[in-house]
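One structure below.
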Amino acid sequence: MKIARFEHQHSVHLGIVDPDQGVIDLLPHEAGAADPMIALIERDLAGERPRGSGERVALKDVRLLPPIARPRKNILCVGKNYAAHAAEFTKSGYDGSAKSLTDPIPDDPIIFTKAPCTMTGARDDVLPPWELSHEIDYEAELGVVIGRPGRRIGRGDALAHVWGYTVINDVTARDLQVKHKQWLLGKSIDTFCPIGPWLVTADELDYRNIDIRCWVNGELRQQANTRDMIFDIPAIIATISGSMSFETGDIIATGTPAGVGVGFKPPKFLQAGDVVRIAIAGIGELENRVK
Ligand code: MG
């Protein structure tokens, strides 16, 4: 099942998406929930499966919004989780976390966060602060959304805590990432996390075999499969939950494959007017213009 949060005729709704038919079946209106998608996930976990109202709107007539409006913590992100990307990033000279140029693979997951104010919709513009940065980069990533809360989750139990998946562009200001040593500011600029176009429930995908592709202005830049992850989703969940509790609606960006702009010589950073398109098989696409 695919569930979107979207704006239609000046109000915000949730709905069950049928991308083949190009329609969304509206879910009964949520009143009072701080975050309607998190409320829906919590009811689903309690056994109340989402059911459309029968009232349909065309996908082309809606503005897709970040599926979760207010996650309870920052978006949790994994750095250097594909070997070819770890190598390109270390060679780029922008990687302060590398052990050495010849050994770019981390021994343990690198975890950082993006602030929730970065989230923007699947078709919305990315708005770089050009006065601060001219080294804006894209990172196509599979997003994981947590359902059942928990802490100290073992590998074997990890998938039971995954409610669904989405597509994330972990947009990054490389110069700020280097300048401020820690990655938070370079990763947390408003609009620097296009996310969506909706959530797909975990039963529809095999996390070990999901194709990820990214194009800039139609040129294919990233192409990989989740089987190439250094730390798989159970390992990521076990690692993060060893330190902090997961809550329903928490979002994990699982790392980007090779082919980011900084990996090219010279780097291919994003410019105003560029369009970044990310497709993840079984989920859908993001397409965002850089203003
Ligand atoms: Mg990333």
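All ligand and atom numbering here is 1-based and tracks the order in the structure.
Test Glu139, His85, Gln222 against Thr256 for side-chain hydrogen bond (donor to acceptor under 3.5 Å, both in side chains) and you get one pass: Gln222. For the salt bridge (charged side-chain N to carboxylate O under 4.0 Å, His left out) with Asp124, the qualifying choice from Arg289, Lys291, Arg63 is Arg63, the only one to do so.
Shown here is Arg51, whose CZ atom has no more than 12 heavy atoms of other residues, nucleotides or ligands within 6.0 Å.
The atom name of the N/O/S atom in Glu139 closest to the Mg ion (ligand 1) is OE1. The N, O or S atom of Glu141 with the smallest distance to the Mg ion (ligand 1) is OE2. Per residue Asp170, closest N, O or S atom to the Mg ion (ligand 1): atom name OD2.
Interatomic distance, Leu64 CG to His8 NE2, rounded to the nearest 0.5 Å: 12.5 Å.
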